[in-house]
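All remarks here apply to the structure that follows.
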Amino acid sequence: MNEGPLHNLIKMLSSLPGLGNRSARRIALHLLAKRESVMLPLARALQDTAENIKDCSICGNLDMHDPCSICTDDRREQHTLCVVAQVSDLWAIERTNAFKGPYHVLGGLLSALDGIGPSDLRIRQLVERSENGAFQEIILALSATVDGQSTAHYIADQLDTAAIKVTRLAHGVPVGGELDYLDDGTITTALKSRSNAV
Amino acid sequence: MLYLIQMEQWQDQGIVLAVRRHGESGGVVSLLTQEHGRHAGYVRGAQGSRMRGTLEVGNLVDAHWSARGGDDLGSLKLELSHSPAAHFMQDALKLAALQSACALCDAALPEREGHPGLFHGVQALFEALQTEIWAQVYVMWEIAFLKELGFSLDLSKCAGGGDDNALAYVSPKTGRAVSAEAGEPYKEKLLALPAFLRPAGGEERGEGDDEDVLIGLQLTAYFLEHWAFAHHTTGVPEARAVFQARFGKSVSL
(Lines give C-alpha, C1' and ligand atoms only; values in the text may rest on other atoms or scores of the structure.)
Protein backbone atom coordinates (compact mmCIF):
# COMPACT_ATOMS: atom_id res chain seq x y z
CA MET A 1 0.00 0.00 0.00
CA ASN A 2 3.02 2.31 0.32
CA GLU A 3 3.56 2.58 -3.40
CA GLY A 4 1.69 2.19 -6.65
CA PRO A 5 -1.24 4.05 -8.19
CA LEU A 6 -3.58 3.64 -5.23
CA HIS A 7 -1.01 5.13 -2.85
CA ASN A 8 -0.49 8.02 -5.30
CA LEU A 9 -4.23 8.61 -5.53
CA ILE A 10 -4.61 8.74 -1.74
CA LYS A 11 -1.62 11.08 -1.47
CA MET A 12 -3.05 13.42 -4.12
CA LEU A 13 -6.53 13.40 -2.56
CA SER A 14 -5.15 14.12 0.91
CA SER A 15 -3.40 17.22 -0.43
CA LEU A 16 -6.78 18.77 -1.26
CA PRO A 17 -8.18 21.37 1.16
CA GLY A 18 -10.35 19.86 3.89
CA LEU A 19 -9.17 16.29 3.29
CA GLY A 20 -6.85 14.33 5.53
CA ASN A 21 -5.39 10.84 5.03
CA ARG A 22 -8.39 9.05 6.46
CA SER A 23 -10.89 10.93 4.24
CA ALA A 24 -8.61 10.44 1.23
CA ARG A 25 -8.53 6.67 1.80
CA ARG A 26 -12.34 6.57 2.11
CA ILE A 27 -12.79 8.56 -1.13
CA ALA A 28 -10.25 6.35 -2.97
CA LEU A 29 -12.15 3.21 -1.91
CA HIS A 30 -15.47 4.81 -2.92
CA LEU A 31 -14.04 5.69 -6.34
CA LEU A 32 -12.69 2.18 -6.85
CA ALA A 33 -16.06 0.72 -5.90
CA LYS A 34 -17.71 2.87 -8.59
CA ARG A 35 -15.08 2.83 -11.33
CA GLU A 36 -17.41 3.11 -14.32
CA SER A 37 -20.04 5.45 -12.92
CA VAL A 38 -17.85 7.87 -10.91
CA MET A 39 -14.10 7.30 -11.14
CA LEU A 40 -13.56 7.31 -14.92
CA PRO A 41 -15.98 10.23 -15.58
CA LEU A 42 -14.26 12.16 -12.77
CA ALA A 43 -10.83 11.44 -14.28
CA ARG A 44 -12.05 12.62 -17.69
CA ALA A 45 -13.62 15.74 -16.16
CA LEU A 46 -10.37 16.57 -14.34
CA GLN A 47 -8.29 16.12 -17.49
CA ASP A 48 -10.77 18.04 -19.61
CA THR A 49 -10.78 20.95 -17.14
CA ALA A 50 -6.99 20.99 -16.82
CA GLU A 51 -6.54 21.07 -20.60
CA ASN A 52 -9.31 23.45 -21.60
CA ILE A 53 -9.95 26.01 -18.85
CA LYS A 54 -7.93 29.19 -19.31
CA ASP A 55 -7.49 32.51 -17.50
CA CYS A 56 -9.23 35.29 -19.44
CA SER A 57 -6.54 37.78 -20.46
CA ILE A 58 -9.01 40.67 -20.17
CA CYS A 59 -10.87 40.10 -16.90
CA GLY A 60 -9.08 37.20 -15.16
CA ASN A 61 -12.17 34.95 -15.21
CA LEU A 62 -11.88 31.20 -15.81
CA ASP A 63 -13.38 29.98 -19.07
CA MET A 64 -12.84 27.60 -22.00
CA HIS A 65 -12.09 30.56 -24.26
CA ASP A 66 -9.76 33.52 -23.99
CA PRO A 67 -11.31 36.15 -23.92
CA CYS A 68 -14.04 34.55 -21.80
CA SER A 69 -17.71 34.28 -22.74
CA ILE A 70 -18.60 37.24 -20.48
CA CYS A 71 -16.06 39.58 -22.09
CA THR A 72 -17.14 38.61 -25.62
CA ASP A 73 -20.90 38.80 -24.93
CA ASP A 74 -22.15 41.85 -26.85
CA ARG A 75 -25.56 41.68 -25.15
CA ARG A 76 -24.04 42.66 -21.79
CA GLU A 77 -24.08 46.32 -20.76
CA GLN A 78 -20.62 47.63 -21.58
CA HIS A 79 -20.72 50.90 -19.61
CA THR A 80 -20.41 49.44 -16.08
CA LEU A 81 -17.54 47.30 -14.82
CA CYS A 82 -17.71 45.21 -11.66
CA VAL A 83 -14.45 44.59 -9.78
CA VAL A 84 -14.29 41.45 -7.63
CA ALA A 85 -11.50 39.83 -5.61
CA GLN A 86 -11.89 36.21 -6.74
CA VAL A 87 -13.60 34.19 -9.47
CA SER A 88 -15.89 32.77 -6.74
CA ASP A 89 -17.13 36.32 -6.10
CA LEU A 90 -17.86 36.69 -9.84
CA TRP A 91 -19.89 33.47 -9.71
CA ALA A 92 -21.78 34.76 -6.64
CA ILE A 93 -22.79 37.97 -8.47
CA GLU A 94 -23.66 36.08 -11.67
CA ARG A 95 -26.01 33.84 -9.63
CA THR A 96 -28.04 36.91 -8.66
CA ASN A 97 -28.67 37.96 -12.28
CA ALA A 98 -28.64 41.51 -10.90
CA PHE A 99 -25.57 42.67 -12.82
CA LYS A 100 -25.35 42.48 -16.60
CA GLY A 101 -21.97 44.04 -17.30
CA PRO A 102 -18.38 42.77 -17.58
CA TYR A 103 -16.13 41.97 -14.61
CA HIS A 104 -12.55 42.41 -13.51
CA VAL A 105 -11.09 39.76 -11.19
CA LEU A 106 -8.25 41.13 -9.02
CA GLY A 107 -6.97 37.74 -7.87
CA GLY A 108 -7.06 38.61 -4.12
CA LEU A 109 -6.93 41.55 -1.73
CA LEU A 110 -4.10 43.79 -0.59
CA SER A 111 -2.66 42.51 2.68
CA ALA A 112 0.50 43.89 4.23
CA LEU A 113 0.57 40.97 6.67
CA ASP A 114 0.45 38.33 3.92
CA GLY A 115 2.86 40.32 1.74
CA ILE A 116 0.30 40.90 -1.03
CA GLY A 117 1.01 44.24 -2.68
CA PRO A 118 -0.55 46.05 -5.68
CA SER A 119 1.84 44.33 -8.10
CA ASP A 120 0.54 40.91 -7.01
CA LEU A 121 -3.00 41.80 -8.08
CA ARG A 122 -4.49 42.73 -11.47
CA ILE A 123 -4.77 46.42 -10.52
CA ARG A 124 -2.54 47.73 -13.33
CA GLN A 125 -4.72 45.90 -15.88
CA LEU A 126 -7.82 47.45 -14.26
CA VAL A 127 -6.37 50.96 -14.58
CA GLU A 128 -5.53 50.25 -18.24
CA ARG A 129 -9.10 49.02 -18.88
CA SER A 130 -10.51 52.14 -17.22
CA GLU A 131 -8.40 54.40 -19.44
CA ASN A 132 -9.90 53.19 -22.72
CA GLY A 133 -13.03 55.27 -22.05
CA ALA A 134 -15.59 52.48 -22.38
CA PHE A 135 -16.84 52.56 -18.80
CA GLN A 136 -18.96 55.21 -17.10
CA GLU A 137 -19.02 53.45 -13.75
CA ILE A 138 -16.79 50.98 -11.91
CA ILE A 139 -18.37 49.04 -9.03
CA LEU A 140 -15.92 47.87 -6.36
CA ALA A 141 -17.65 44.68 -5.15
CA LEU A 142 -15.10 43.84 -2.47
CA SER A 143 -15.71 42.32 0.93
CA ALA A 144 -16.68 44.48 3.93
CA THR A 145 -13.46 43.68 5.78
CA VAL A 146 -10.52 45.91 6.66
CA ASP A 147 -8.44 44.30 3.88
CA GLY A 148 -11.34 44.48 1.40
CA GLN A 149 -12.05 48.14 2.07
CA SER A 150 -8.34 49.06 2.11
CA THR A 151 -8.08 47.51 -1.35
CA ALA A 152 -11.19 49.42 -2.44
CA HIS A 153 -9.69 52.71 -1.21
CA TYR A 154 -6.40 51.98 -3.00
CA ILE A 155 -8.17 51.21 -6.28
CA ALA A 156 -10.38 54.29 -5.93
CA ASP A 157 -7.18 56.36 -5.55
CA GLN A 158 -5.71 54.76 -8.68
CA LEU A 159 -8.88 55.42 -10.69
CA ASP A 160 -9.16 58.98 -9.45
CA THR A 161 -7.70 60.41 -12.65
CA ALA A 162 -9.90 58.41 -15.00
CA ALA A 163 -13.04 60.63 -14.62
CA ILE A 164 -15.18 57.55 -14.05
CA LYS A 165 -17.82 57.19 -11.35
CA VAL A 166 -16.40 54.73 -8.80
CA THR A 167 -18.96 53.11 -6.50
CA ARG A 168 -18.93 50.37 -3.89
CA LEU A 169 -21.44 47.87 -2.56
CA ALA A 170 -23.67 48.98 0.31
CA HIS A 171 -22.96 47.54 3.75
CA GLY A 172 -25.74 46.75 6.19
CA VAL A 173 -28.50 44.44 7.31
CA PRO A 174 -28.61 41.24 5.21
CA VAL A 175 -31.88 39.98 3.76
CA GLY A 176 -33.56 37.88 6.46
CA GLY A 177 -31.32 39.35 9.15
CA GLU A 178 -32.75 40.21 12.57
CA LEU A 179 -31.25 43.24 14.29
CA ASP A 180 -31.02 41.41 17.61
CA TYR A 181 -28.58 38.91 16.13
CA LEU A 182 -26.38 41.37 14.20
CA ASP A 183 -23.01 42.55 15.48
CA ASP A 184 -22.65 46.22 16.41
CA GLY A 185 -20.35 46.89 13.43
CA THR A 186 -22.99 45.81 10.92
CA ILE A 187 -25.69 47.85 12.66
CA THR A 188 -23.40 50.91 12.80
CA THR A 189 -22.65 50.67 9.07
CA ALA A 190 -26.31 50.07 8.27
CA LEU A 191 -27.30 53.19 10.21
CA LYS A 192 -24.67 55.25 8.39
CA SER A 193 -25.82 53.92 4.99
CA ARG A 194 -29.55 54.35 5.68
CA SER A 195 -31.78 55.43 2.80
CA ASN A 196 -35.13 57.15 2.41
CA ALA A 197 -38.08 54.88 3.26
CA VAL A 198 -40.45 56.70 0.92
CA MET B 1 -2.12 6.06 38.04
CA LEU B 2 -4.04 9.21 37.27
CA TYR B 3 -2.07 12.26 36.17
CA LEU B 4 -3.80 15.61 36.33
CA ILE B 5 -2.52 18.17 33.84
CA GLN B 6 -2.63 21.69 35.23
CA MET B 7 -3.70 23.97 32.37
CA GLU B 8 -2.34 27.49 32.20
CA GLN B 9 -5.16 29.90 31.42
CA TRP B 10 -6.36 33.48 31.71
CA GLN B 11 -9.27 35.68 30.69
CA ASP B 12 -8.72 39.21 29.50
CA GLN B 13 -9.81 41.84 27.02
CA GLY B 14 -7.70 42.23 23.90
CA ILE B 15 -7.38 44.19 20.67
CA VAL B 16 -6.84 42.12 17.52
CA LEU B 17 -3.48 43.18 16.03
CA ALA B 18 -2.91 40.55 13.35
CA VAL B 19 -4.17 37.20 12.09
CA ARG B 20 -1.80 34.77 10.40
CA ARG B 21 -3.26 31.77 8.59
CA HIS B 22 -2.27 28.42 10.04
CA GLY B 23 -3.28 25.18 8.37
CA GLU B 24 -6.46 24.90 6.38
CA SER B 25 -8.91 26.60 8.69
CA GLY B 26 -7.12 27.92 11.78
CA GLY B 27 -5.05 30.98 12.47
CA VAL B 28 -2.53 32.40 14.90
CA VAL B 29 -4.04 35.58 16.32
CA SER B 30 -1.94 38.31 17.91
CA LEU B 31 -3.74 40.34 20.59
CA LEU B 32 -2.80 43.39 22.63
CA THR B 33 -4.34 42.43 25.96
CA GLN B 34 -4.97 44.62 28.96
CA GLU B 35 -3.02 42.58 31.52
CA HIS B 36 -0.88 40.18 29.47
CA GLY B 37 0.55 42.51 26.83
CA ARG B 38 0.95 41.29 23.26
CA HIS B 39 -0.08 37.67 23.33
CA ALA B 40 -0.60 35.20 20.50
CA GLY B 41 -2.72 32.06 20.42
CA TYR B 42 -4.16 29.56 18.00
CA VAL B 43 -7.79 30.13 17.03
CA ARG B 44 -9.65 27.15 15.63
CA GLY B 45 -11.73 28.03 12.55
CA ALA B 46 -10.11 31.47 12.20
CA GLN B 47 -10.47 31.33 8.40
CA GLY B 48 -14.13 30.38 8.53
CA SER B 49 -16.99 32.77 7.86
CA ARG B 50 -18.21 32.54 11.48
CA MET B 51 -14.97 33.92 12.95
CA ARG B 52 -14.03 36.33 10.18
CA GLY B 53 -16.00 39.26 11.59
CA THR B 54 -14.52 38.75 15.05
CA LEU B 55 -10.96 38.69 13.79
CA GLU B 56 -10.93 42.01 11.97
CA VAL B 57 -7.87 44.10 12.86
CA GLY B 58 -8.63 46.58 15.66
CA ASN B 59 -11.59 44.64 17.11
CA LEU B 60 -11.95 44.56 20.89
CA VAL B 61 -12.53 40.97 22.00
CA ASP B 62 -13.07 39.05 25.22
CA ALA B 63 -10.31 36.45 25.18
CA HIS B 64 -9.84 33.17 27.01
CA TRP B 65 -6.36 31.68 26.55
CA SER B 66 -5.37 28.22 27.68
CA ALA B 67 -2.31 26.02 27.20
CA ARG B 68 -0.71 22.97 28.77
CA GLY B 69 2.45 24.89 29.55
CA GLY B 70 3.02 28.59 30.15
CA ASP B 71 5.47 28.81 27.24
CA ASP B 72 3.18 27.08 24.75
CA LEU B 73 1.42 28.99 21.98
CA GLY B 74 -1.88 27.87 23.48
CA SER B 75 -5.33 28.35 22.06
CA LEU B 76 -7.61 31.35 22.23
CA LYS B 77 -11.38 31.50 22.41
CA LEU B 78 -12.63 34.92 21.38
CA GLU B 79 -15.90 36.75 21.60
CA LEU B 80 -16.42 40.08 19.83
CA SER B 81 -16.99 43.02 22.12
CA HIS B 82 -16.63 46.04 19.85
CA SER B 83 -15.66 46.65 16.24
CA PRO B 84 -14.12 50.15 15.81
CA ALA B 85 -13.26 49.69 12.11
CA ALA B 86 -16.98 49.51 11.28
CA HIS B 87 -17.28 53.22 12.13
CA PHE B 88 -14.89 54.34 9.41
CA MET B 89 -14.82 51.65 6.75
CA GLN B 90 -15.57 54.38 4.20
CA ASP B 91 -12.68 56.59 5.31
CA ALA B 92 -9.39 55.54 3.73
CA LEU B 93 -7.21 57.67 6.03
CA LYS B 94 -8.78 56.55 9.31
CA LEU B 95 -8.75 52.91 8.20
CA ALA B 96 -5.05 53.26 7.31
CA ALA B 97 -4.37 54.88 10.72
CA LEU B 98 -6.05 51.97 12.51
CA GLN B 99 -4.04 49.44 10.50
CA SER B 100 -0.85 51.38 11.12
CA ALA B 101 -1.37 51.49 14.92
CA CYS B 102 -2.12 47.75 15.05
CA ALA B 103 0.85 46.88 12.83
CA LEU B 104 3.22 49.00 14.98
CA CYS B 105 2.03 47.28 18.18
CA ASP B 106 2.29 43.85 16.58
CA ALA B 107 5.79 44.44 15.25
CA ALA B 108 7.40 46.39 18.08
CA LEU B 109 5.98 45.11 21.36
CA PRO B 110 7.73 42.21 23.07
CA GLU B 111 5.45 39.23 23.60
CA ARG B 112 3.81 38.60 27.00
CA GLU B 113 5.03 41.83 28.60
CA GLY B 114 2.19 43.81 30.15
CA HIS B 115 1.49 47.27 28.72
CA PRO B 116 -1.90 48.22 30.22
CA GLY B 117 -1.28 51.90 29.49
CA LEU B 118 -0.75 51.17 25.82
CA PHE B 119 -3.86 48.98 25.69
CA HIS B 120 -5.97 51.88 26.98
CA GLY B 121 -4.02 54.27 24.73
CA VAL B 122 -4.90 52.27 21.62
CA GLN B 123 -8.56 52.18 22.65
CA ALA B 124 -8.50 55.95 23.22
CA LEU B 125 -6.92 56.39 19.77
CA PHE B 126 -9.67 54.33 18.12
CA GLU B 127 -12.30 56.44 19.87
CA ALA B 128 -10.49 59.61 18.81
CA LEU B 129 -10.62 58.43 15.18
CA GLN B 130 -14.28 59.48 15.24
CA THR B 131 -13.39 63.07 16.16
CA GLU B 132 -12.18 66.06 14.13
CA ILE B 133 -8.68 66.06 15.64
CA TRP B 134 -8.00 62.37 15.03
CA ALA B 135 -4.82 62.94 13.01
CA GLN B 136 -3.19 65.09 15.71
CA VAL B 137 -4.18 62.46 18.29
CA TYR B 138 -2.56 59.78 16.12
CA VAL B 139 0.78 61.65 16.12
CA MET B 140 0.56 62.08 19.90
CA TRP B 141 -0.23 58.37 20.26
CA GLU B 142 2.94 57.50 18.31
CA ILE B 143 4.98 59.72 20.65
CA ALA B 144 3.42 57.89 23.62
CA PHE B 145 4.07 54.57 21.85
CA LEU B 146 7.77 55.46 21.46
CA LYS B 147 7.87 56.38 25.16
CA GLU B 148 6.28 53.03 26.10
CA LEU B 149 9.07 51.31 24.15
CA GLY B 150 11.68 53.31 26.07
CA PHE B 151 12.39 55.98 23.46
CA SER B 152 11.13 59.16 25.05
CA LEU B 153 11.01 62.46 23.17
CA ASP B 154 11.40 65.61 25.29
CA LEU B 155 9.35 68.29 23.58
CA SER B 156 8.83 70.47 26.67
CA LYS B 157 12.00 72.59 26.71
CA CYS B 158 14.90 73.69 24.52
CA ALA B 159 17.91 71.37 24.60
CA GLY B 160 20.17 74.25 23.54
CA GLY B 161 19.20 76.56 26.42
CA GLY B 162 17.02 78.74 24.20
CA ASP B 163 13.49 80.04 24.71
CA ASP B 164 11.18 77.19 25.82
CA ASN B 165 8.22 79.09 24.41
CA ALA B 166 9.66 79.27 20.90
CA LEU B 167 10.42 75.61 20.16
CA ALA B 168 10.61 74.82 16.45
CA TYR B 169 12.88 71.81 15.93
CA VAL B 170 13.72 68.39 17.34
CA SER B 171 17.23 66.95 17.47
CA PRO B 172 17.37 63.65 15.53
CA LYS B 173 20.17 62.48 17.85
CA THR B 174 18.60 63.12 21.24
CA GLY B 175 14.87 63.51 20.52
CA ARG B 176 14.87 66.80 22.44
CA ALA B 177 13.21 69.99 21.28
CA VAL B 178 15.27 73.00 20.14
CA SER B 179 14.10 76.61 19.97
CA ALA B 180 13.94 78.48 16.67
CA GLU B 181 16.85 80.73 17.59
CA ALA B 182 19.13 78.02 19.01
CA GLY B 183 18.38 75.69 16.12
CA GLU B 184 18.83 78.27 13.32
CA PRO B 185 22.50 77.36 12.53
CA TYR B 186 21.65 73.63 12.34
CA LYS B 187 18.17 73.77 10.87
CA GLU B 188 19.13 71.63 7.85
CA LYS B 189 20.00 68.76 10.19
CA LEU B 190 17.13 69.19 12.64
CA LEU B 191 13.61 67.79 12.36
CA ALA B 192 10.68 70.21 12.28
CA LEU B 193 8.41 70.32 15.35
CA PRO B 194 4.74 70.69 14.37
CA ALA B 195 2.90 73.63 15.92
CA PHE B 196 0.37 71.48 17.79
CA LEU B 197 3.19 69.77 19.73
CA ARG B 198 4.74 73.00 21.00
CA PRO B 199 4.33 73.94 24.70
CA ALA B 200 1.00 75.49 25.63
CA GLY B 201 2.55 78.86 26.49
CA GLY B 202 4.22 79.22 23.09
CA GLU B 203 3.18 81.98 20.76
CA GLU B 204 3.16 79.81 17.66
CA ARG B 205 1.15 76.94 19.10
CA GLY B 206 -1.68 76.08 16.73
CA GLU B 207 -4.48 73.53 16.50
CA GLY B 208 -2.58 71.76 13.77
CA ASP B 209 -3.77 71.65 10.17
CA ASP B 210 -3.15 68.70 7.85
CA GLU B 211 0.27 69.97 6.76
CA ASP B 212 1.26 70.29 10.40
CA VAL B 213 0.08 66.73 11.04
CA LEU B 214 2.19 65.52 8.12
CA ILE B 215 5.24 67.19 9.73
CA GLY B 216 4.33 65.33 12.92
CA LEU B 217 4.08 62.02 11.06
CA GLN B 218 7.49 62.63 9.46
CA LEU B 219 8.91 63.40 12.92
CA THR B 220 7.62 60.19 14.53
CA ALA B 221 8.49 58.15 11.41
CA TYR B 222 12.12 59.21 11.83
CA PHE B 223 12.28 57.99 15.44
CA LEU B 224 10.32 54.82 14.69
CA GLU B 225 12.81 53.97 11.95
CA HIS B 226 16.02 55.02 13.71
CA TRP B 227 15.16 54.11 17.27
CA ALA B 228 12.29 51.66 17.75
CA PHE B 229 12.85 49.61 14.58
CA ALA B 230 16.59 50.17 14.15
CA HIS B 231 17.37 46.52 14.90
CA HIS B 232 14.30 44.95 13.30
CA THR B 233 15.19 43.06 10.12
CA THR B 234 11.89 43.94 8.46
CA GLY B 235 11.97 47.62 9.49
CA VAL B 236 8.94 49.81 10.13
CA PRO B 237 5.71 47.98 9.13
CA GLU B 238 4.46 48.69 5.63
CA ALA B 239 1.07 49.76 7.00
CA ARG B 240 2.75 52.75 8.71
CA ALA B 241 4.40 53.85 5.45
CA VAL B 242 1.11 53.39 3.57
CA PHE B 243 -0.71 55.60 6.10
CA GLN B 244 1.87 58.39 5.84
CA ALA B 245 1.92 58.21 2.04
CA ARG B 246 -1.88 58.32 1.90
CA PHE B 247 -2.02 61.22 4.34
CA GLY B 248 0.67 63.07 2.37
CA LYS B 249 -1.34 62.58 -0.81
CA SER B 250 -4.47 64.00 0.82
CA VAL B 251 -2.51 67.07 1.95
CA SER B 252 -1.09 67.73 -1.51
CA LEU B 253 -4.51 67.51 -3.19
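Below, chain A is the first sequence line, B the second, and so on; all start at residue 1.
- More than 12 heavy atoms of other residues, nucleotides or ligands sit less than 6.0 Å from atom CH2 of B:W10.
- Around atom NE2 of B:H22, no more than 12 heavy atoms belonging to other residues, nucleotides or ligands sit under 6.0 Å away.
- Contacts of B:S25 with chain A are absent, with no heavy-atom separation under 4.5 Å from either backbone or side chain.
- We find the NE2-CD distance between A:H171 and B:Q90 to be 6.0 Å, quoted to the nearest 0.5 Å.
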Side-chain donor-acceptor pairs under 3.5 Å in residues 91-112 of chain B, sequence neighbours left out?
| unit_1 | atom_1 | unit_2 | atom_2 | d |
| --- | --- | --- | --- | --- |
| B:D91 | OD1 | B:L93 | N | 3.1 |
| B:D91 | OD1 | B:K94 | N | 3.2 |
| B:K94 | NZ | B:L129 | O | 3.0 |
| B:Q99 | OE1 | A:S150 | OG | 2.9 |
| B:Q99 | NE2 | A:S150 | OG | 3.3 |
| B:S100 | OG | B:Y138 | OH | 2.5 |
| B:D106 | OD1 | B:S30 | OG | 2.8 |
| B:D106 | OD2 | B:R20 | NH2 | 2.8 |
| B:E111 | OE2 | B:A40 | N | 3.3 |
| B:R112 | NE | B:H39 | NE2 | 3.3 |
| B:R112 | NH1 | B:G70 | O | 2.4 |
| B:R112 | NH2 | B:D72 | O | 2.8 |

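- Residues B:A86 and A:T189 share a closest heavy-atom pair of O-OG1, 3.7 Å.
- Residue A:A144 touches chain B through its backbone alone, counting heavy-atom pairs closer than 4.5 Å.
- The part of B:V19 that comes within reach of chain A is its backbone (N, CA, C, O), which places non-hydrogen atoms under 4.5 angstrom from that chain.
- Residue A:D157 comes nearest to B:K249 through the heavy atom pair CB-NZ, 3.7 Å, listed as atom of the first residue, atom of the second, then distance.
- Only the backbone of A:L16 comes within contact range of chain B, with at least one heavy atom under 4.5 Å from a heavy atom of that chain.
- Atom CD of B:Q9 sits in a crowded spot, with more than 12 heavy atoms from other residues, nucleotides or ligands closer than 6.0 Å.
- Both the backbone and the side chain of B:A18 come within contact range of chain A, each with at least one heavy atom under 4.5 Å from a heavy atom of that chain.
- What you find for B:M89 and A:Q149 is that their closest heavy atoms are SD-CG, 3.4 Å.
- Surrounding CD of B:Q47 are more than 12 heavy atoms belonging to other residues, nucleotides or ligands, all under 6.0 Å away.
- What you find for A:L19 and B:E24 is that their closest heavy atoms are N-OE1, 4.1 Å.
- One finds the OG1 atom of A:T145 at 12.0 Å from the CG atom of B:L55 (value rounded to the nearest 0.5 Å).
- Atom NZ of A:K54 has more than 12 heavy atoms from other residues, nucleotides or ligands within 6.0 Å.
- Heavy-atom contacts from other residues, nucleotides or ligands closer than 6.0 Å to NZ of A:K192 number more than 12.
- Within 6.0 Å of CD in A:E36 there are 12 or fewer heavy atoms belonging to other residues, nucleotides or ligands.
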